[in-house]
Undergrad: 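Before I ask anything, here is the structure I am working with.
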Amino acid sequence: ALQAEAGRNSTKTKKILKRMFKRTLEHHAHLSISWQSHKLYSSSFLSHRNLFWQFIGYAKLHNAWICSLEKLYNYWQNR
């Protein structure tokens, strides 16, 4: 749903993502963003790429732990 919305109304999509992020913090939960690099770097998905990096920047400003799936897997394996 957000993928279709991102191209049409990025302001609305940003508000949705920020709300999801806020709720994740409130509940001490986990938020995953799934993306395919072959699409993210495609010229037809420029708005998606910009939105993705803006959201990552927003999450970093709020001290989110950002990692790859491999790092997440290793974190839980080594606990």
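These figures come from a predicted structure and were not determined experimentally.
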Undergrad: Which pair of heavy atoms, one from I66 and one from K60, lies closest together, and at what distance?
TA: CD1-CG, 3.4 Å
Undergrad: Are I16 and L25 co-members of a hydrophobic cluster defined by side-chain heavy atoms under 4.5 Å apart?
TA: yes
Undergrad: So L17 and Q54, do their side chains get closer than 4.5 Å, heavy atoms only?
TA: no
Undergrad: Working to the nearest 0.5 Å, report the span between CG of L61 and CD1 of I56.
TA: 11.5 Å
Undergrad: For atom CD of E26, decide whether the heavy atoms of other residues, nucleotides or ligands shown that lie under 6.0 angstrom number more than 12.
TA: yes
Undergrad: State the CZ-NZ distance between F21 and K14, to the nearest 0.5 angstrom.
TA: 16.0 Å
Undergrad: Measure up the H62 and Y58 rings against each other and bin them: parallel (under 30°), tilted (30 to 60°), perpendicular (over 60°).
TA: tilted
Undergrad: Using the rule that two of Ile, Leu, Val, Met, Phe, Trp, Tyr join whenever any of their side-chain heavy atoms come within less than 4.5 Å, decide whether L31 and Y73 are in one cluster.
TA: no
Undergrad: What distance separates Q77 CD from L72 CG, expressed to the nearest 0.5 Å?
TA: 10.5 Å
